[in-house]
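Accompanying notes for the structure given below.
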Amino acid sequence: MVEVDPVFVQAAEHRPKASITIAEGIPLIDLSPINYQDDEAATRLKSSSPVWNIIEEIGRACKEWGFFQVINHKVPLEKRQRIEDAAKKFFGLSLEEKLKVRRDDRNVLGYFEAEHTKNVRDWKEIYDFNVQQPTFIPPSHDHHHDDINIQFHWDNRWPLNPPHFREACEDYAEEVEKLAYKLMELIALSLGLAPNRFRGFFKHNTSNIRLNHYPPCPYPHLALGLGRHKDTGVLTVLNQDDVGGLQVRRKSDGEWITVKPISNSFIINVGDMIQVWSNDAYESVEHRVMVNSERDRFSIPFFLKPALYTDVEPLQELINDMNPPKYKAINWGKFRIARMRSNFTKSNVENLQIYHFKLSP
Ligand SMILES: O=C(O)CCC(=O)C(=O)O
Ligand SMILES: [Fe+2]
């Protein structure tokens, strides 16, 4: 009998059910008609009808699910395989080796094995790196050395092993970032906005990639690889392997639905900041990760995030007398840092959420 470490045990209502529901409904979108990789001209959208069909499908998926999957996305398979391989090799190193690049209470990037979500420890180990260098930009223009400016740093910590780890990570990041910007154009169009409406928010972006490793767990009925949460950023582009375990909370009935892995696809989900920009037209949806007792699972999310100094608020074009703004401005830097703090330790208070910024009706 394996002794259960109580730090990992989920409250009864948050444990996975014995019977799982596989998602039929998560829309699968074929991006074949979108040729953003070819040349300069192709990066501008051609408004052919197949492209408009995709825009419509994306709009519907964002409204009904907050999630969709894409195939024929043009991220080269070889780059994807290289980072997957690098992740496996990195997590296969000794703990002592991995701890050399462990994140600490000043620098939030690197390896971490003790993350908590909603105050319960996740059954996983992770490695985070930021996509843009230099990664530290003061969250406000007024250069005050207040709490926020001095508490955290974002400096990538690259391990010496495996060899070419950094290169594999950076090459993949470049590709997946292009896909994320293209998806943001499509999302903008689906909201009736100019395709480049969001682009300016990412000049000094704080986007990051996370390598997740969920080892086999002796009590998968009690623990979760990653507890229920919503992604705080703008958009997530997730690469999951063939093991499965991601569950999405279906908006129509609140049921947890397992997302079936499809090879060489990406799972896309709307983050909190799209919810605010779109004034709740598109909502960020809860999801979680189940573990199993037999197989290691690996996943690689790319989190698209704005510059720290960005004030995120409902977009002018989307609000009017009939649809007044539902949120006051959220400073991304402050929001992110408040959430970062809560990831480090167990605490009794709920962490900061976008609904704390809701304006009363
Ligand atoms: O591992 C997964 O499938 C999901 C990961 C995730 O939701 C996250 O890291 O925010
Ligand atoms: Fe997530």
Side-chain angles (χ1 to χ4, degrees), residues 10 14 16 20 22-23 26 65-70 80 83-84 87-88 91 103 108-118 120-131 169 172-173 176 180 206-217 220 223-249 256-275 282-292 295-305 335-336 339-340 342-344 351 353-354:
Q10 298 283 334
H14 298 309
I20 58 166
I22 302 276
I26 286 195
W65 283 91
F67 267 83
F68 55 97
Q69 302 202 67
V70 295
R80 179 175 174 138
I83 193 173
E84 289 171 4
K88 280 190 188 140
F91 289 122
R103 86 181 181 199
V108 299
L109 298 173
Y111 175 74
F112 199 53
E113 77 302 350
E115 195 162 68
H116 291 72
T117 303
K118 304 264 192 293
V120 181
R121 188 160 155 194
D122 296 326
W123 191 271
K124 68 173 185 193
E125 53 179 348
I126 61 179
Y127 174 86
D128 285 314
F129 68 95
N130 263 16
V131 166
C169 288
Y172 176 78
V176 88
T206 51
S207 302
N208 71 293
I209 285 188
R210 170 167 286 186
L211 310 178
N212 281 311
H213 172 217
Y214 306 95
C217 174
L224 286 170
L226 170 55
R228 71 193 196 287
H229 68 284
K230 296 177 179 181
D231 290 349
T232 52
V234 174
L235 192 78
T236 304
V237 179
L238 172 77
N239 165 359
Q240 71 160 339
D241 67 11
D242 63 348
V243 175
L246 174 66
Q247 293 193 313
V248 172
R249 176 101 81 173
W256 285 105
I257 303 292
T258 299
V259 180
K260 194 169 155 224
I262 297 175
S263 83
N264 198 17
S265 66
F266 286 105
I267 297 162
I268 313 295
N269 65 289
V270 164
D272 287 345
M273 297 304 117
I274 289 192
Q275 177 164 341
Y282 297 165
E283 285 169 351
S284 170
V285 164
E286 264 192 329
H287 51 287
R288 67 183 187 185
V289 176
M290 292 188 303
V291 273
N292 71 79
R295 292 184 68 188
D296 292 271
R297 177 175 182 269
F298 297 88
S299 74
I300 309 177
F302 166 90
F303 300 106
L304 180 68
K305 293 171 178 172
F335 187 73
R336 172 140 168 72
R339 289 292 290 259
M340 232 24 253
S342 71
N343 281 347
F344 278 85
N351 57 18
Q353 303 285 336
I354 52 170

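When a ligand or atom number is given, it counts from 1 through the structure's own listing order. Residue numbers run from 1 in the order of the sequence given.
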R288 to G227 - nearest heavy-atom pair and separation
CB-C, 3.9 Å

With R80 as the cation and F266 as the aromatic partner, state whether NZ or CZ is under 6.0 Å from the six-membered ring centre and within 45° of the axis.
yes

If the threshold is 4.0 Å, N to carboxylate O, is there a salt bridge linking K124 and D296?
no

Sorted by chain and number, protein N/O/S atoms nearer to the Fe ion (ligand 2) than 2.8 Å are H229 NE2, D231 OD1, H287 NE2

Taking atom types as modelled and ignoring hydrogens, do the side chains of Y111 and E125 form a donor-acceptor contact shorter than 3.5 angstrom?
yes

Does a side chain donor of either D272 or T232 reach within less than 3.5 Å of an acceptor in the other side chain?
no

For E115, is there an ion pair with R210 - N to carboxylate O distance below 4.0 angstrom?
yes

Taking atom types as modelled, find out whether Q247 and R228 have a side-chain donor-acceptor pair closer than 3.5 angstrom.
no

For Y127, check side-chain hydrogen bond (donor to acceptor under 3.5 Å, both in side chains) against everything at least two apart and list the hits.
none

Enumerate the pairs of nitrogen or oxygen atoms, one from ligand 1 and one from the protein, separated by less than 3.5 angstrom; state names and distance to 0.1 Å.
residue, atom, partner, partner atom, Å
ligand 1, 1 (O), Y214, OH, 2.7
ligand 1, 1 (O), R297, NH1, 3.0
ligand 1, 1 (O), S299, OG, 2.6
ligand 1, 3 (O), R297, NH1, 3.3
ligand 1, 3 (O), R297, NH2, 2.8
ligand 1, 7 (O), H229, NE2, 3.3
ligand 1, 7 (O), H287, NE2, 3.0
ligand 1, 10 (O), H229, NE2, 3.0
ligand 1, 10 (O), D231, OD1, 3.2

Among residues at least two apart in sequence or on other chains, which ones pass ring pair (Phe, Tyr, Trp, His ring centres under 6.0 Å) with Y214?
none

